[in-house]
Amino acid sequence: MSKMSNILLIHDQPTEVLHLCLMFEALDFPAVLNVVATPMEALNLLKHDGCGWKSPQPDLVLVHLGLSKGVGEGLLDLLLQNFPHLLIGAVIPYGMSMQNTRGQLHLSAPVTQKDLQGFLTVLQGQQQLGA
């Protein structure tokens with residue numbers, strides 16, 4: 001694949017973010033990984049407001065449902081409603097279950113390299129369809 005992908009990770013736990021970043025690197029997937037910790041930062045980036053105004057639209061958005069203050073599921077719903085053209089996935093924390101499956105993709109924590117490769121395969125397929 002020649003196109004560099006743009007991935008937005010919305011996650012506020014630094015050790016898990018580092019773990020995911022290292023997995024992306026190990027998979028040698030050509031991508032720019034943008035990480036934000038709050039829903040406001042994510043929305044600003046997606047709307048091209050504030051410091052994210054120069055960022056291209058992401059090809060994949062990963063929302064960690066265990067965000068502080070329990071805002072992960074609400075953010076996922078908001079993104080699905082307002083950005084239907086984006087490929088949006090949920091990272092489900094260990095011990096949490098989703099009653100209603102939302103989003104196009106799901107990863108259960110702890111995320112494995114095989115799981116992440118599956119996400120990236122879906123992303124590659126979507127990009128090839130759009131080309």
Side-chain angles (χ1 to χ4, degrees):
M1 181 173 75
S2 59
K3 181 184 183 278
M4 179 75 78
S5 297
N6 189 17
I7 299 171
L8 174 60
L9 174 61
I10 307 164
H11 201 321
D12 61 358
Q13 297 170 3
T15 54
E16 289 184 27
V17 168
L18 177 60
H19 176 71
L20 285 169
C21 290
L22 291 172
M23 279 199 292
F24 273 105
E25 187 177 313
L27 290 171
D28 198 28
F29 188 79
V32 174
L33 184 61
N34 297 293
V35 180
V36 297
T38 68
M40 186 60 72
E41 289 174 306
L43 292 172
N44 284 343
L45 193 138
L46 291 169
K47 292 178 181 179
H48 297 287
D49 287 341
C51 64
W53 72 272
K54 289 185 179 180
S55 299
Q57 280 289 77
D59 300 299
L60 172 64
V61 178
L62 293 175
V63 180
H64 189 267
L65 297 183
L67 290 171
S68 298
K69 301 178 185 169
V71 298
E73 288 190 61
L75 176 61
L76 179 62
D77 289 339
L78 182 71
L79 294 177
L80 289 169
Q81 290 171 5
N82 292 295
F83 301 96
H85 60 285
L86 295 177
L87 182 60
I88 300 171
V91 178
I92 304 167
Y94 181 76
M96 180 182 196
S97 64
M98 290 184 64
Q99 299 297 343
N100 301 317
T101 304
R102 298 181 300 277
Q104 296 98 331
L105 304 164
H106 299 91
L107 281 172
S108 294
V111 177
T112 67
Q113 213 166 354
K114 183 179 177 182
D115 295 334
L116 190 56
Q117 182 63 56
F119 255 54
L120 299 179
T121 300
V122 170
L123 176 58
Q124 284 177 323
Q126 186 181 49
Q127 288 175 341
Q128 288 171 355
L129 287 174

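In this chain, numbering begins with 1 at the start of the sequence shown.
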Checklist outcome for this item: Nearest heavy-atom approach of Val63 to Gly72 is CG1-O, 3.8 Å

Item to check | Spatial distance of atom NE2 (His19) from atom CD (Glu16) [nearest 0.5 Å] | outcome: 8.0 Å

Checklist outcome for this item: Distance col, row Ile10:CD1 vs Leu46:CG, nearest 0.5 angstrom, shows 6.5 Å

Listing, residues 80-90 side-chain donor-acceptor contacts under 3.5 Å, not counting sequence neighbours, or none:
| from | atom 1 | to | atom 2 | distance (Å) |
| --- | --- | --- | --- | --- |
| Asn82 | ND2 | Leu78 | O | 2.9 |
| His85 | NE2 | Gln57 | NE2 | 3.3 |

Checklist entry - Can you tell me how far the CZ atom of Phe24 sits from the CD1 atom of Ile7, to the nearest 0.5 Å? => result 4.0 Å

Item to check | Closest heavy-atom pair and its distance - Leu67, His11 | outcome: CD2-CA, 3.8 Å

Checklist outcome for this item: For Leu18, the side chain to side chain contact (heavy atoms under 4.5 Å, CB included) test, sequence neighbours excluded, returns Leu22

Checklist entry - Going from CG on Leu8 to CG on Leu79, what distance comes out if it is rounded to the nearest 0.5 angstrom? => result 8.5 Å

Next on the checklist: So Cys21 and Leu33, do their side chains get closer than 4.5 Å, heavy atoms only?
Outcome noted: yes

Checklist entry - Above 12 or not: heavy atoms from other molecules or residues under 6.0 Å from CD of Gln113? => result yes

Checklist entry - Listed by chain and number, what are the salt bridge (charged side-chain N to carboxylate O under 4.0 Å, His left out) partners of Asp12, not counting sequence neighbours? => result none

Next on the checklist: Show me the pairs that pass salt bridge (Lys or Arg N to Asp or Glu O under 4.0 Å) and involve residues 56-65, at least two apart or across chains.
Outcome noted: Lys3-Asp59

Next on the checklist: Test of understanding: with side chain to side chain contact (heavy atoms under 4.5 Å, CB included), list the residues that count as partners of Met40, not counting sequence neighbours.
Outcome noted: Thr38, Asn44

